[in-house]
Amino acid sequence: MINYQVRPYHQILIVECGEPLVEIPLELLAWESPHPYARLGAAYGEYSPYFLRQSVVNCLIKAQNYLDLVRPHWRIQIFDAYRPVAVQQFMVDYSFAMAVEERGLIAAELTPQQRQEIWQAVYEIWAVPSLDEKTPPPHSTGAAVDVTLVDDSGQVVNMGSPIDEMSERSHPDYYANSVEPGAREYHAHRQLLYDVMLKAGFQRNPKEWWHFSYGDQMWAWLNKQPTALYGRVL
């Protein structure tokens, strides 16, 4: 299999600040219950998926406050936050199996080329479940969060593609210049989410409209900072 370990942000040195994981105040936000990955069988262990580092939680509350100003009664919905490496591995394996099934193939009968193509698609979305302390998956640091929006009627806002979809529709600006029906609305919703999260101090994954982080390697790389604040939570 191709070595997918190296990402541009892995060049960033981690200087762990030791900040604890804390519970997200879910009463201020929206969330899914049961949790999407737990529903599939992922085991989170000591912490629930609704934990983040303290400063990241503070930024998330700021983002919700900014959203309140422009869209009263709308809520940021937490899809996933802290994710142990074991859950990262579970979801990578699950996504590979689903991609095989969607293509009408059988895992045991894949050619090397088919296997490589599917892994390539999986790792376009999913970080490698690395145990190397220098290259932690972003969610395993407690610094990354997957989010969407819920409107004032309690409905999840249509972003033009679901979270975790393995296609180009996941790219944040996919609908920016599209003439597809609904494209302008989808892009406006993505931009609103981006605006409130960016204003609160987050950075967005360039390939995923839903993934935001504060203090991890990707955040530092996008901010052109020499060091990250958070490494993997052991």
Side-chain angles (χ1 to χ4, degrees), residues 4-25 28-29 31 37 47 49-67 76-85 87-88 91-92 123-149 159 163-164 170-174 190-234:
Y4 297 100
Q5 294 282 347
V6 179
R7 301 286 173 98
Y9 54 84
H10 284 156
Q11 64 188 291
I12 300 295
L13 176 69
I14 298 170
V15 181
E16 172 59 55
C17 69
E19 200 173 85
L21 281 174
V22 298
E23 288 187 74
I24 299 169
L28 302 179
L29 305 149
W31 73 98
Y37 302 157
Y47 297 103
Y50 297 121
F51 275 70
L52 288 169
R53 301 288 190 126
Q54 180 66 69
S55 292
V56 187
V57 169
N58 294 344
C59 290
L60 196 55
I61 294 169
K62 287 181 184 178
Q64 178 60 57
N65 289 339
Y66 291 136
L67 180 62
I76 293 171
Q77 177 164 294
I78 311 298
F79 182 86
D80 194 40
Y82 171 66
R83 188 187 302 157
V85 176
V87 174
Q88 187 77 16
M91 290 308 303
V92 163
Y123 284 125
E124 278 290 306
I125 290 292
W126 296 95
V128 174
S130 170
L131 289 172
D132 185 337
E133 292 186 9
K134 295 179 180 179
T135 60
H139 282 273
S140 299
T141 69
V145 61
D146 295 336
V147 291
T148 188
L149 295 171
M159 296 290 196
I163 291 174
D164 291 342
S170 294
H171 295 176
D173 291 329
Y174 177 82
R190 293 180 180 195
Q191 195 62 38
L192 172 62
L193 179 62
Y194 175 67
D195 288 346
V196 297
M197 295 294 281
L198 185 70
K199 193 172 183 180
F202 288 97
Q203 285 287 355
R204 181 176 61 187
N205 185 324
K207 292 186 176 180
E208 300 173 3
W209 62 259
W210 60 83
H211 177 114
F212 293 85
S213 64
Y214 174 87
D216 66 357
Q217 286 176 303
M218 183 183 291
W219 172 89
W221 175 65
L222 291 169
N223 270 335
K224 297 181 170 56
Q225 299 291 322
T227 58
L229 304 174
Y230 306 123
R232 177 165 57 88
V233 177
L234 300 177

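What you see below is based on every heavy atom in this structure, not just the backbone, and it leaves out hydrogens, waters and symmetry mates.
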State which residues pass side chain to side chain contact (heavy atoms under 4.5 Å, CB included) with [X]; sequence neighbours excluded, sorted by chain then number.
X: Pro25; value: Glu27, Leu28, Val57, Ile61
X: Gln11; value: Trp221
X: Leu222; value: Gln203, Pro206, Met218
X: Phe79; value: Glu32, Pro36, Tyr37, Asp146, Ile163, Asp164

Exercise. For residues 190-203, pull every pair meeting salt bridge (Lys or Arg N to Asp or Glu O under 4.0 Å), keeping only residues two or more places apart or in separate chains.
Key: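 Found none.
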Exercise. Can you run down the salt bridge (Lys or Arg N to Asp or Glu O under 4.0 Å) pairs that involve residues 208-227, sequence neighbours left out, and say none if there aren't any?
Key: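 Output for this query is empty, none listed.
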Quiz item: What residues form a ring pair (Phe, Tyr, Trp, His ring centres under 6.0 Å) with Tyr66, not counting sequence neighbours?
Solution: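 For Tyr66 there are no ring pair (Phe, Tyr, Trp, His ring centres under 6.0 Å) partners, ignoring immediate neighbours.
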Practice problem: Using the six-membered ring wherever Trp is involved, compare the ring planes of Trp219 and Tyr214 and label them parallel, tilted or perpendicular (cut-offs 30° and 60°). | Solution: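 Taking Tyr214 first and then Trp219, their aromatic rings sit tilted (interplane angle of 30° to 60°).
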Given side chains that start at C-beta, do those of [X] and [Y] come closer than 4.5 Å, heavy atoms only?
X: Ile76; Y: Leu149; value: yes
X: Leu52; Y: Leu60; value: yes
X: Val145; Y: Asp80; value: no
X: Leu192; Y: Leu67; value: yes
X: Pro137; Y: Val85; value: yes

Quiz prompt | Where at least one partner belongs to residues 194-213, residue pairs that pass ring pair (Phe, Tyr, Trp, His ring centres under 6.0 Å), sequence neighbours excluded | solution =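 Output for this query lists His139-His211.
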Practice problem: Kindly state each residue pair satisfying side chain to side chain donor-acceptor pair (under 3.5 Å) with at least one member in residues 225-234, sequence neighbours excluded. | Solution: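 Those involving residues 225-234 are Glu19-Tyr230.
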Practice problem: Sequence neighbours left out, what passes salt bridge (Lys or Arg N to Asp or Glu O under 4.0 Å) with Glu133? Give chain and number order. | Solution: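 With neighbours one apart ignored, the set is empty.
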Quiz item: Of all residues at least two apart in sequence or in a different chain, which pass the salt bridge (Lys or Arg N to Asp or Glu O under 4.0 Å) check with Glu16?
Solution: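 Per chain and number, Glu16 pairs via salt bridge (Lys or Arg N to Asp or Glu O under 4.0 Å) with Arg53.
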Exercise. Look at the side chain of Gln88 and the backbone N and O of Pro138, then say whether any donor-acceptor pair between them is shorter than 3.5 Å.
Key: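 Checked: no pair found.
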Can you measure from [atom1] ([X]) to [atom2] ([Y]) and round to the nearest 0.5 angstrom?
X: Met197; Y: Ser213; atom1: CE; atom2: OG; result: 9.0 Å
X: His10; Y: Ser130; atom1: NE2; atom2: OG; result: 6.5 Å
X: Leu198; Y: Arg204; atom1: CG; atom2: CZ; result: 8.5 Å

Exercise. Please list, chain by chain and in numerical order, all residues satisfying side chain to side chain donor-acceptor pair (under 3.5 Å) with Lys62, sequence neighbours excluded.
Key: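 Testing Lys62 for side chain to side chain donor-acceptor pair (under 3.5 Å), a comparison that skips the adjacent residues, returns none.
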